[in-house]
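Note that these values count all heavy atoms, side chains included, but never hydrogens, waters or copies made by symmetry. Residue numbering restarts at 1 for every chain, and letters A, B, ... go by the order of the sequence lines.
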2 protein chains.
Amino acid sequence: MDKDKIDKKDHILDVAERVFSELGFDGASTRTISGEAGVNMAMLNYYFGSKEGLFLAVFKRKIISFQDLLKNIGSDGSTSAWNKIEKYIELYTQRVVTNNCFQKLLYQELSMQRRGELSDQITDILMKNVSEIRKILQDGVKSGEFNKNIDIELVIATIYGTKNFIVNSPQLTSKVLGYDIQNDKLLEEKFKPRIEAYLKTLLKSYLMNEHDNTTK
Amino acid sequence: MDKDKIDKKDHILDVAERVFSELGFDGASTRTISGEAGVNMAMLNYYFGSKEGLFLAVFKRKIISFQDLLKNIGSDGSTSAWNKIEKYIELYTQRVVTNNCFQKLLYQELSMQRRGELSDQITDILMKNVSEIRKILQDGVKSGEFNKNIDIELVIATIYGTKNFIVNSPQLTSKVLGYDIQNDKLLEEKFKPRIEAYLKTLLKSYLMNEHDNTTK
DNA sequence: TTGCATCAATCAATCGATTGATTAATTTTG
DNA sequence: CAAAATTAATCAATCGATTGATTGATGCAA
């Protein structure tokens with residue numbers, strides 16, 4: 001049946017996502033992945049063409065599912081721009097908790113810039129996410145809700161960057177914060193509400209207070 | 001002469017640093033490194049014991065030079081806390097321009113956590129920088145110059161994270177900003193002053209404006 | 001039977017590492 | 001000092017292991 005095939009592919013993708021996240025692209029061999037997935041090695045190439053094809057398939061499935069969630073926020077015309085930003089922050093910090101292993105992998109890959117074709121595709125997909133939040137910010141400026149002097153692109157860099165710094169260097173961050181970021185319970189209960197409140201306060205004060213960007 | 005040997009080892013380290021930065025630990029083969037350095041493959045093992053030994057040597061050399069750069073901005077008691085933050089931002093954004101290749105490698109390694117001993121050393125070094133800026137922020141709060149509700153640790157994450165996001169994913173950032181971040185001239189002339197002004201405005205509005213961290 | 005799914009076996013390529021031989025430099029010895 | 005002995009530096013060649021990929025045989029459902 002066709003359903004079985006899809007389920008099997010999905011199972012392989014689940015395992016591959018985990019193993020890639022744990023060991024990186026190079027560290028994860030096709031033998032390890034197929035072994036842990038309980039399928040024959042040749043099936044990976046049969047289904048996905050190549051190791052890189054499998055890697056790309058993992059990313060496609062993941063990022064597109066995130067993108068669908070985003071579209072709903074931007075298209076809601078009834079709420080204010082700031083409300084959308086708050087929703088975005090909540091959605092984003094939730095991803096940190098549930099998906100931080102894969103998030104690490106994603107930005108590792110983007111940082112490497114090996115496999116140029118793959119980097120291009122990841123960049124393209126992420127750009128759609130960026131465009132979503134950029135539009136929210138632009139609308140907020142246009143409506144007068146946000147300060148007109150804000151640097152929209154760097155605001156995006158701050159949201160992504162603050163989260164990435166914490167997720168991608170958990171050892172350092174744990175030392176800075178004083179508790180273990182890699183502990184799922186602490187991450188969910190202590191860290192998540194903290195960064196959520198912080199990002200809201202930080203962005204609110206920057207986006208909505210008066211400040212002059214032109215000095216120096 | 002002894003000088004020649006040191007120069008040669010240093011030259012190998014120069015090349016290794018570049019190649020590792022470009023391709024990562026796994027992506028950089030010993031053949032590539034020795035080839036680009038113009039030495040025989042066996043020399044890498046002869047001098048550094050193993051590939052990992054070479055990798056560690058690259059970091060050791062760099063970390064030593066890092067410690068020299070640690071400046072005591074915080075020790076200047078004559079200026080305000082905000083003035084110190086501004087100085088810190090300027091110093092930090094300068095490093096983006098001059099060292100961004102190795103910075104990438106450093107945070108990749110910190111992210112991977114594959115060579116635990118090395119991760120520990122990197123973390124220790126970075127913690128010294130963190131302690132510097134944390135003290136400045138604490139002093140600012142104590143003197144009433146900064147809002148007492150600020151989240152000091154996450155402010156640090158924002159400064160580091162915003163910069164790292166841009167440096168470590170130049171392809172994405174270039175697309176977001178609309179110009180090539182990997183072009184040294186544009187990086188220096190267009191991007192550096194921009195992120196400098198942005199970080200100052202962002203932090204000023206958060207640190208010095210009134211806001212309530214307790215809501216929600 | 002026909003076509004897709006699955007498998008063990010095997011492929012060529014590349015990896016890091018090591019070998020033994022050779023040369024260059026240094027030290028010891030007479 | 002100079003010849004001999006020793007050590008350090010360098011090289012081409014090759015090692016075994018592992019990699020991603022492919023093959024041809026086999027099973028199986030339609």
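In this structure, the CG atom of A:Leu54 is 11 Å from the P atom of D:dG20, given to the nearest Å. Atom pair A:Glu52:CD and D:dT19:P shows a separation of 18 Å (rounding to whole Å applied). Atom pair B:Tyr46:OH and C:dA25:C1' shows a separation of 11 Å (rounding to whole Å applied). The CE-P distance, from A:Met41 to C:dC7, rounds to 13 Å in whole Å. Residue A:Lys9 contributes atom NZ, which lies 14 Å from atom P of C:dC4 at whole-angstrom precision. When rounded to the nearest whole Å, the span between CE of B:Met43 and P of C:dT18 equals 15 Å. The separation between A:Asn40 atom CG and C:dA5 atom C1' is 11 Å, rounded to whole Å. Between the CD1 atom of A:Ile33 and the C1' atom of D:dT19 there is a distance of 12 Å, given to the nearest Å.
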Show the numbers, then the answer: is there a side chain to side chain donor-acceptor pair (under 3.5 Å) between A:Glu196 and A:Thr93? CA-CA 7 Å; A:Glu196 208 173 293; A:Thr93 53; 3.2 Å; yes
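Of the candidates D:dT10, C:dT6, D:dG20, the closest approach to any side-chain atom of A:Lys51 belongs to D:dG20.
A donor-acceptor contact closer than 3.5 angstrom is absent between the side chains of A:Asn168 and A:Gln108. Counting only N and O atoms by type, the side chains of B:Lys60 and B:Gln121 include no donor and acceptor under 3.5 Å apart. Under the 3.5 Å distance criterion, with hydrogens and angles disregarded, no donor-acceptor pair is assigned to the side chains of A:Thr162 and A:Tyr198.
Within a heavy-atom distance below 4.0 Å of DNA chain D, the residues of residues 16-31 of chain B found are B:Arg31.
For B:Phe55 and B:Phe48, the gap between ring centers reaches or exceeds 6.0 Å. In this structure, the ring of A:Tyr107 has its center no less than 6.0 angstrom from the ring center of A:Phe165.
Remark: A:Lys8 is in phosphate contact with C:dT6, judged by side-chain N or O atoms under 4.0 Å from OP1 or OP2. Listed pair A:Tyr47 / C:dT6 meets the phosphate criterion, a side-chain N or O lying under 4.0 Å from OP1 or OP2.
The backbone N or O of A:Arg31 lies less than 3.5 Å from a partner atom in the side chain of A:Ser34, making a donor-acceptor pair.
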